[in-house]
Amino acid sequence: MSVVTQIRGLFYSGFMSLPLVLVGIILFLAANLGNLGLLMLSFGQIIIVPLIVFVVNMIHEAVFPDSDLFRVPANALCNLVPSAVGIGNIGVAPSYWSAQVTFFFVFLMTNAMVLYNKPPTEGADPAKVANRKAQTLTAFMISFVVFLALIGLRQTTGCETIAGSILGILIVAPIAYGWYKLAALCGAKDADVFGILQKILPQNMKDEPPMTCVYSPGS
């Protein structure tokens with residue numbers, strides 16, 4: 001087997017397991033950084049998205065049992081858990097893969113636009129405000145382009161249908177937006193998953209530097 005073939009196989013395997021990678025990375029970062037926005041995002045990925053996929057596909061099976069718009073042949077490569085492969089067809093109205101990717105990127109894009117439109121705090125450095133806007137706009141554009149590219153690449157695997165991907169976006173995107181708003185209401189400070197909100201605050205409102213207590217002889 002050539003090196004190119006091995007690299008292609010690794011890339012394909014990583015692409016197909018992307019939702020699991022995203023969940024693991026976000027949960028790790030949330031736990032280590034203590035970022036409430038990331039924590040809410042990971043909870044949404046672990047709890048909300050699987051629930052959405054299960055409910056919508058169950059409704060589809062009950063209402064349109066003979067429709068092929070949201071079905072693909074059962075294939076081990078199309079499942080995050082190969083042992084769960086059944087016989088016949090599997091529902092993709094939406095698939096877990098497309099739902100996870102949509103939820104993740106819509107959450108990020110909503111965060112970017114909220115931070116972009118946030119009015120600066122009184123006394124904030126205009127240069128830092130401009131820098132914040134440039135960074136959030138760049139984050140939005142990159143997230144949008146990568147999201148479209150991933151959805152497009154997914155269509156080439158035979159594990160998705162165009163109708164299923166569109167349905168997934170229409171259903172999951174508003175839920176991801178609402179979940180972001182809930183995160184902000186729960187005290188996530190605008191769910192700043194990019195960690196750049198501090199750049200619009202004046203110096204006297206920023207967190208104090210960490211202090212360490214040390215022993216001083218004679219004190």
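Bear in mind the structure is a predicted one, so any value in this text is a computation, not a measurement.
Within a 6.0 Å radius of CZ in Phe144, no more than 12 heavy atoms belonging to other residues, nucleotides or ligands are found.
The distance from atom OH of Tyr116 to atom OG1 of Thr138, rounded to the nearest 0.5 Å, is 10.0 Å. Distance check: Ile166 CD1 to Ile151 CD1 gives 10.5 Å after rounding to the nearest 0.5 Å. A distance of 10.0 Å separates CG of Leu167 from CD1 of Ile169, quoted to the nearest 0.5 Å. In this structure, CE in Met40 is found 8.5 Å from CD1 in Ile48, a value given to the nearest 0.5 Å. Put simply, NZ on Lys133 and NZ on Lys118 are 11.5 Å apart, with the number rounded to the nearest 0.5 Å. Expressed to the nearest 0.5 Å, how far CD1 of Ile46 lies from CG of Leu41 amounts to 9.5 Å.
The main-chain N or O of Ala139 is found under 3.5 Å from a side-chain atom of Ser143 such that the two form a donor-acceptor pair. Side-chain atoms of Arg132 come within 3.5 Å of backbone N or O of Leu115 as a donor-acceptor pair. Although no hydrogens or angles enter the test, the distance criterion places a donor-acceptor pair under 3.5 Å between the side chain of Gln100 and the main chain of Gln45. In terms of modelled atom types and a separation under 3.5 Å, the side chain of Asn131 and the main chain of Ala127 share no donor-acceptor contact. A donor-acceptor pair under 3.5 Å links the side-chain atoms of Asn57 to the main chain of Pro94, judged by distance alone. Between the side chain of Thr102 and the backbone N or O of Ala99 there is no donor-acceptor pair closer than 3.5 Å. Remark: the backbone N or O of Leu69 is paired with a side-chain donor or acceptor of Thr161 at under 3.5 angstrom.
Using a 4.5 Å heavy-atom cutoff, the side chains of Ile52 and Ile171 are in contact. Between Val114 and Tyr180 the shortest side-chain heavy-atom distance falls below 4.5 Å. Taking the side chain as every heavy atom from C-beta outward, Phe104 and Val49 never approach each other to under 4.5 Å. Side-chain atoms of Leu39 and Ser42, non-hydrogen and from C-beta on, do get closer than 4.5 Å to each other. Side-chain contact between Ile47 and Leu51 is absent, with no heavy-atom pair separated by less than 4.5 Å. Inter-residue side-chain proximity for Glu160 and Val72 is flagged as unmet; no heavy-atom pair is nearer than 4.5 Å. Residues Trp97 and Cys159 fail the side-chain proximity criterion, which asks for heavy atoms closer than 4.5 Å.
Hydrophobic cluster membership differs between Phe105 and Tyr177, with clusters built from Ile, Leu, Val, Met, Phe, Trp and Tyr side chains linked at under 4.5 angstrom. Hydrophobic clustering keeps Phe54 apart from Leu170 (ILVMFWY residues linked when any side-chain heavy atoms are closer than 4.5 Å, directly or through intermediates). Leu148 is connected to Met113 through a chain of hydrophobic side-chain contacts under 4.5 Å among Ile, Leu, Val, Met, Phe, Trp and Tyr, so both are in one cluster.
Summarising the geometry of Phe107 relative to Ala176, their closest heavy-atom pair is CD1-O, 4.0 Å, with the distance given to 0.1 Å.
The aromatic rings of Phe70 and His60 sit perpendicular to each other, their planes meeting at more than 60°, with 30° as the lower class boundary. Ring pair Phe103/Trp179 is tilted by interplanar angle, where 30° to 60° counts as tilted.
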### Task
Give the intermediate values and the outcome of side chain to side chain contact (heavy atoms under 4.5 Å, CB included) for residues Arg71 and Glu61.
CA-CA 10 Å; Arg71 283 193 181 87; Glu61 291 295 330; 2.7 Å; yes

